[in-house]
Amino acid sequence: MLTLAFIRENKDAILKGLAIRNFANAEKTIDKVIEKDILRRSTQAELDETLAESNKLSKEIGKLFKSGEVQKANLIKEKTGQLKERSKDLTEKLSIHESELNELLYLIPNIPNPLVPKGNSEEDNETIFEEGDIPKLHDGALPHWELAKKYDIIDFELGNKITGAGFPVYKGKGAKLQRALIAYFLDKNSEAGYNEVQVPLLINEASGIGTGQLPDKEGQMYHCGIDNLYLIPTAEIPVTNFYRDVLLKESDFPICNTAYTPCFRREAGSYGAHVRGLNRLHQFDKVEIVRIEHPDRSYEALDSMVDHVKGILQELKLPYRILRLCGGDLGFTSALTYDFELFSTAQDRWLEISSVSNFETFQANRLKLRFKNAAGKSQLAHTLNGSSLALPRVLAGLLENYQTEDGINIPEVLQKYTGFDMID
RNA sequence: GGAGAGGUGGCCGAGUGGCUUAAGGCGCACGCUUGGAAAGCGUGUUUAUGAGAAAUCGUAACGGGGGUUCGAAUCCCUUUCUCUCCGCCA
């Protein structure tokens, strides 16, 4: 959510930013916000005056009662009746203005960083880096879902039986490889200075609102109705919400956390060839990195997160590329996002395996995540997060790219975690 | 699931209708004192929002929401969370 002060002072810059996102009716919406804000503030001022008046009278009444001048007190009492009605009326108006204003603010996405290219869809994303050799596979090389069956390491049917589509069962060396990847990612993140945390997989409403999944994206989360809790679609929610309603000191920066969690996504309405096998699941594992930064240093932090993820893919020797997302593809809350895509040789297509973003103050505003700056004033912090990495598609790419006629090789860096060097 | 006790500022903790945005203590900051340090003494120390160049002033906030009252941290209703005991349980 953008701050009102920012909207008031930067209308032109906002309109330019929204144009890059192809946001329709930008000027109308912003004008409405400004208009509502003026209305809200004048109502507020009027209400404050009324309350000030009635506070003053109340104090007088108190004094008069004490000195026994009951009649005088009763006279003043009558006056306060009117004030009370007026303040009730104004309070109602104010809360209507406020909620209408909030509804408008919820519609406005984050303003893109100047680096974000114009564009409508994923076709317009900018490839800024590409690395790693695409292996030449032997004849008869298989997509990962066939490999999974052939070596009996992932059982989609069994998952269907016990839960439904999108909930695979990992077996034997498949399960061990998953565990190895998680341990390896966490170790890499710890080495890079991220503090490992283990978090709840269920979140309450306040947390969902804090990071922006609620109120309008509840359809994408699994909901436990009896207790009104949601299964997390990403560790970003619990970890970022550590800092909800928190006032930090400048010396607390940088804050770097990493968490492994399963993630649950309803993904309603996505079917077809592109969701086969591990490509899109309802439950998957992910290791996440989350940072809270001083606004002056958040873009440095974003670059270092990108470098960090790069390092992992280099060690795994997987072919990947980095995209800078265009305005049309950029997430609602993000100011700048880099996507990592892994080339899946047997499917002959790129798979998204990580998304690293700077949200600037957009999340912090809703979270009320602030710090005391050098001048002693409280100021919104910047939040960033990224995956390092999402497991299923890394696993898919690994199985496909490392397959040989004799079996699937395990990347060297993983072998000490798996305890074996080949799936056969 | 049953019974009970509680949620007050960065922390501890007082406070059952007006003198309480909140005593006292701890912590923190600055100053005095000192050869230096400790101790001691003094001053200051919540957030949000509106007005103002600023000093400052108004308003709101004692878990959340609602009510009673001229006036609520204090009384009533409701909700949520925490703790203790019992039950169940990896």
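We name chains A, B, ... by the order of the sequence lines, and we start the count at 1 in each one.
Residues of residues 79-101 of chain A that place a heavy atom closer than 4.0 Å to RNA chain B, in numerical order, are A/Thr80, A/Lys84. Of all the residues in residues 41-55 of chain A, A/Arg41, A/Gln44, A/Asp48, A/Leu51, A/Ala52, A/Asn55 reach under 4.0 Å from RNA chain B with at least one non-hydrogen atom. The stretch residues 237-247 of chain A has no heavy atom under 4.0 Å from RNA chain B, so no residue of it qualifies as close.
A distance of about 15 Å separates the P atoms of B/C19 and B/A61, rounded to the whole Å. To the nearest whole angstrom, the two P atoms, one in B/U74 and one in B/G17, are 11 Å apart. B/U49 and B/G44 have their P atoms separated by 26 Å, with the value rounded to a whole Å. Between the P atoms of B/A23 and B/A73, the separation comes to 15 Å (whole Å). Taking atom C1' in both B/G9 and B/G63, one finds a spacing of 14 Å when rounded to whole Å. Separation of the C1' atoms belonging to B/A53 and B/U45 is 26 Å when rounded to the nearest angstrom. Spacing of P atoms, B/U20 relative to B/U16, comes out at 14 Å, to the nearest Å. B/U21 and B/A72 have their C1' atoms separated by 14 Å, given to the nearest Å.
Contact of the A/Lys286 side chain with the A/Tyr260 side chain is not registered, since no non-hydrogen atoms from C-beta on lie closer than 4.5 Å.
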Compile the donor-acceptor pairs under 3.5 Å between side chains in residues 47-55 of chain A and protein atoms, sequence neighbours left out, one pair per line.
residue: A/Thr50; atom: OG1; partner: A/Glu46; partner atom: O; Å: 2.8
residue: A/Asn55; atom: ND2; partner: A/Leu51; partner atom: O; Å: 3.4

Give every donor-acceptor pair under 3.5 Å between a side-chain atom in residues 172-183 of chain A and any protein atom, sequence neighbours left out.
residue: A/Lys173; atom: NZ; partner: A/Met422; partner atom: O; Å: 3.0
residue: A/Gln178; atom: NE2; partner: A/Asp285; partner atom: OD2; Å: 2.9

Pairs of donor and acceptor atoms involving the side chains of residues 388-396 of chain A, under 3.5 Å and at least two apart or interchain, shall be tabulated with distances.
residue: A/Ser388; atom: OG; partner: A/Asn189; partner atom: OD1; Å: 3.2
residue: A/Ser388; atom: OG; partner: A/Asn189; partner atom: ND2; Å: 2.7
residue: A/Arg393; atom: NE; partner: A/Asn279; partner atom: O; Å: 2.7
residue: A/Arg393; atom: NH1; partner: A/Glu352; partner atom: O; Å: 2.7
residue: A/Arg393; atom: NH2; partner: A/Asn279; partner atom: O; Å: 2.9

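In this structure A/Tyr417 satisfies the side chain to side chain donor-acceptor pair (under 3.5 Å) test together with A/Asp187, sequence neighbours excluded. Under the side chain to side chain donor-acceptor pair (under 3.5 Å) criterion, A/Gln363 pairs with A/Glu236, A/Thr383, not counting sequence neighbours. Applying the salt bridge (charged side-chain N to carboxylate O under 4.0 Å, His left out) rule to A/Glu35 yields no partners; only residues at least two apart in sequence or on another chain are considered. Scanning for salt bridge (charged side-chain N to carboxylate O under 4.0 Å, His left out) contacts around A/Asp152 gives A/Lys171, with sequence neighbours left out.
Using a 3.5 Å distance cut-off with no hydrogens or angles, the side chains of A/Tyr299 and A/Asn113 do pair a donor with an acceptor. In the model, A/His382 has no side-chain atom that pairs as donor or acceptor with a side-chain atom of A/Glu293 under 3.5 Å. In the model, A/Thr80 has no side-chain atom that pairs as donor or acceptor with a side-chain atom of A/Gln82 under 3.5 Å. The closest side-chain donor-acceptor pair between A/Asp37 and A/His97, if any, does not fall under 3.5 angstrom. A donor-acceptor pair shorter than 3.5 Å can be found between the side chains of A/Ser355 and A/Asp339. A donor and an acceptor atom, one from each side chain of A/Thr3 and A/Asn365, are nowhere located under 3.5 Å apart. With no hydrogens or angles considered, a side-chain donor-acceptor pair links A/Glu400 and A/Gln347 at under 3.5 Å.
Taking a pair as Watson-Crick or G-U wobble with both distances under 3.5 Å, RNA chain B forms stems of 3 or more consecutive pairs at B:1-7 with B:80-86, B:10-12 with B:24-26, B:27-32 with B:40-45, B:46-51 with B:56-61, B:63-67 with B:75-79.
With a heavy-atom cut-off of 4.0 Å to chain A, the contacted part of RNA chain B has its first and last nucleotide at B/G18 to B/G71.
If A/Lys56 and A/Lys63 are placed on RNA chain B by their nearest nucleotide, the residue sitting closer to the 5' end is A/Lys63.
Other residues, nucleotides and ligands place more than 12 heavy atoms under 6.0 Å from the CD atom of A/Glu315.
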